[in-house]
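Since the structure comes first, as structure tokens, the remarks are kept for the end.
Given the structure is predicted, the values throughout are model-derived calculations rather than measurements. Proteins come first, then strands; the chains are lettered A, B, ... in the order of their sequence lines, and each starts at number 1.
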2 protein chains.
Amino acid sequence: MGRSVIERNHLEVLRAVEAGGSLTAAAERLHLTQSALSHSIRKLEQQLGTPLWLREGRQLQLTQAGKYLLALANRLLPQFEHAELQIDQFARGQAGTLRIGMECHPCYQWLLKVVGPYLGHWPTVDVDVKQKFQFGGIGALFGHDIDLLVTPDPLHRPGLVFEPVFDYEQVLVVHSGHRLAHNDWISAQDLEPEILITYPVAVERLDVYTHLLLPANIRPVRHKTIETTDIMLQMVAAGRGVTALPRWLVQEYQQRMSIVPVQLGETGIGKQIFLGCRERDRNVDYLSAFMKLATEVRRDDIALDAGLTN
Amino acid sequence: MGRSVIERNHLEVLRAVEAGGSLTAAAERLHLTQSALSHSIRKLEQQLGTPLWLREGRQLQLTQAGKYLLALANRLLPQFEHAELQIDQFARGQAGTLRIGMECHPCYQWLLKVVGPYLGHWPTVDVDVKQKFQFGGIGALFGHDIDLLVTPDPLHRPGLVFEPVFDYEQVLVVHSGHRLAHNDWISAQDLEPEILITYPVAVERLDVYTHLLLPANIRPVRHKTIETTDIMLQMVAAGRGVTALPRWLVQEYQQRMSIVPVQLGETGIGKQIFLGCRERDRNVDYLSAFMKLATEVRRDDIALDAGLTN
DNA sequence: GCCTAACGTGAATAGAATTCATGGATATGT
DNA sequence: ACATATCCATGAATTCTATTCACGTTAGGC
């Protein structure tokens, strides 16, 4: 009969001691006296049958068991905290918060188009967007850090569900006066003398590389990285380099910047964006509604593309 | 300043009420009086600001918030429980338990070869093997249900690390007097009139299908599923069907059963088995030691194969 | 309509967590 | 080397919380 000994409380202590560096500092954080903490720790260590810290002089050093519990704390406490926020929203008559993770930079622009109408249809749901994940998008889904994942790279696994939401073409973006601006398409050789600007992500995640440059074993003379789409395109418009982005995105900026999209490779680079969630959440109404709306916005986009290219 | 309101305790209550069906039954499970539970629930509901159950007559019905918390309980409580077991092992001077998940049936035989020597080298580590996962092997790794995953189907993602541990050939196994026993190799057509025996898993996970039958769009006249390797091979030896297994596995059974391995397809079906773990755990000594040992056992196997085929 | 099985409530109590007051140990500065 | 500040441990006192006990209420079965 293993009675529960580890409480949320204890995890909170582990984390506070780690953050504060000392018992006294941790006590402050937890709005307790140092004495209270000392007692509480001693009791926990007794119940567990092993020390969690080694007292070296007046320094505390985590034992193996302590490190293990600290890892547990860092894993579980955020889930408690998010649950409390979520329940609080339920209590206020809200449906909850939809946490969307993004694994593809330019999708942000597309997401904005979906989120707008969505917030209108679901006034009781909040939306939050996250872009950095410690363990990747899939890990974030499994770890309940996000509820929905926008990614070009789906993964059909038990427990997860992915649905394609829209197709697009990845194109090269050049200044309208650029020597390549009127090419039918761009080869790897064409890119060699160029300054290529991309988001700061691994080369394997950049389609220009995986589809064009790496197969031809060619590198551009210079490769710069920039965080934001706007600045990237300003650089391109100023003739300071070229970049690769979705065609629909370029078309939007084209109206106010002198930039031109050009097909990449002989056949073009076709891409697909997927929306994934945990299978369990599939019947959560406000979540499936987002997926549905996302596929509908895709149709609008296709219509928009047709309008612009005619 | 959102003070902690949800405690492990509360999750325990949620789960017990669900399991027992009533407050009174749950109280019994928790070794408490019904009154205590009632008080505790009322306080929790007050703090959360929303009811967790609707009292319909003398039945309890979970509200949305209640369902949410129940899901949280089912997710977090097992982690608390496992942590307590783990710490208990630390306390006894043990290093912990290595939980190995298996996504490929015949690997079990191979795993036994690794586990034996491993237990010898690491007397302070316990090994546990799990074969069923609610959310697939990857989900089990991310969800900390297992620490190590044996799979033919790796997934290089941030947060996870996979290493190949051995290669093998998937072959058809037939009775030694079988009409196909002396073929150089087996085509999809050859399999059509046969009774095919496999493990009870999805067709997409069976290499005979994905590599041979599905591409040729041919199905065997009959497909039976059997859980255990031994019985499967007994059936084959009795001439009651054919099956597909790793060549090294067949060679072991061949000594005491009249069965024969035959190459599948013109080029044979080459497979690789991977061992995966969470990146964070990479520097856990007893875990990385297992991986190292696993790759060494592979070498022994190759030697063994050479010995048998010469 | 009465009996049973369920949950709720308030006061009493047992038990934990917290504080207060204090002491010992270890770095830090002069 | 000595004073001093910092940090953790301890025991007794206290405050706070969880639990029980005893009773009340309500819904459904016969």
Rounded to the nearest 0.5 Å, how far does NZ of A:K43 lie from NE2 of A:H10?
-> 7.0 Å
Going from CG on B:L275 to CG on B:L148, what distance comes out if it is rounded to the nearest 0.5 angstrom?
-> 4.0 Å
Give the nucleotide from the list [options] with an atom nearest to the side chain of [X].
X     : options                : value
A:A36 : D:dT20, C:dT18, C:dA17 : C:dT18
B:H39 : C:dA11, D:dT10, C:dG8  : C:dA11
B:S22 : D:dC7, D:dA9, C:dA6    : C:dA6
B:R55 : C:dC7, C:dA16, C:dG10  : C:dC7
B:T33 : D:dT17, D:dT20, C:dA17 : D:dT20
A:S35 : C:dC7, D:dG11, D:dC8   : D:dG11

Could you check how far [atom1] of [X] sits from [atom2] of [N], rounded to whole Å?
X     : N      : atom1 : atom2 : value
B:H10 : D:dT17 : NE2   : P     : 12 Å
B:E7  : D:dT19 : CD    : P     : 12 Å
B:L23 : D:dT19 : CG    : P     : 14 Å
B:R42 : D:dT17 : CZ    : P     : 15 Å
A:E45 : D:dT10 : CD    : P     : 10 Å
B:I41 : C:dA6  : CD1   : C1'   : 13 Å
A:L37 : C:dA16 : CG    : C1'   : 15 Å
A:H31 : C:dT19 : NE2   : C1'   : 17 Å

When you check the side-chain N and O atoms of B:E12 and A:S4, is any donor under 3.5 Å from an acceptor?
-> yes
Does B:K43 put a side-chain nitrogen or oxygen below 4.0 Å from OP1 or OP2 of D:dT17?
-> no
Sole residue of B:D128, B:D147, B:D281, B:D145 in salt bridge (charged side-chain N to carboxylate O under 4.0 Å, His left out) with B:R99 = B:D147
Using five pairs at either end of the helix from C:dG1-D:dC30 to C:dT30-D:dA1, determine the angle between the two local helix axes and round it to 10 degrees.
-> 30°
A:T63 side chain vs A:P51 backbone, donor-acceptor pair below 3.5 Å = yes
Among A:L77, A:N74, A:L69, which one satisfies side-chain contact (heavy atoms from CB on, under 4.5 Å) with A:L14?
-> A:L69
Sugar-phosphate only, base, or nothing, as touched by A:S38 at under 4.0 Å among non-hydrogen atoms | base
Looking across every strand, which nucleic acid part, if any, lies under 4.0 Å from A:L32 by heavy atom: base, sugar-phosphate, or nothing?
-> sugar-phosphate
Before giving the answer on salt bridge (Lys or Arg N to Asp or Glu O under 4.0 Å), spell out for A:E279 and A:R282 the whole-Å C-alpha distance, their side-chain angles and the decisive distance to 0.1 Å.
-> CA-CA 5 Å; A:E279 203 166 14; A:R282 257 225 142 151; over 6 Å; no
Kindly indicate whether the side chain of B:Q34 and the base of C:dA6 share any N or O donor-acceptor pair separated by less than 3.5 Å?
-> no
Determine the minimum heavy-atom distance between B:L76 and A:F80, stating which atoms define it.
-> CD1-CE1, 3.8 Å
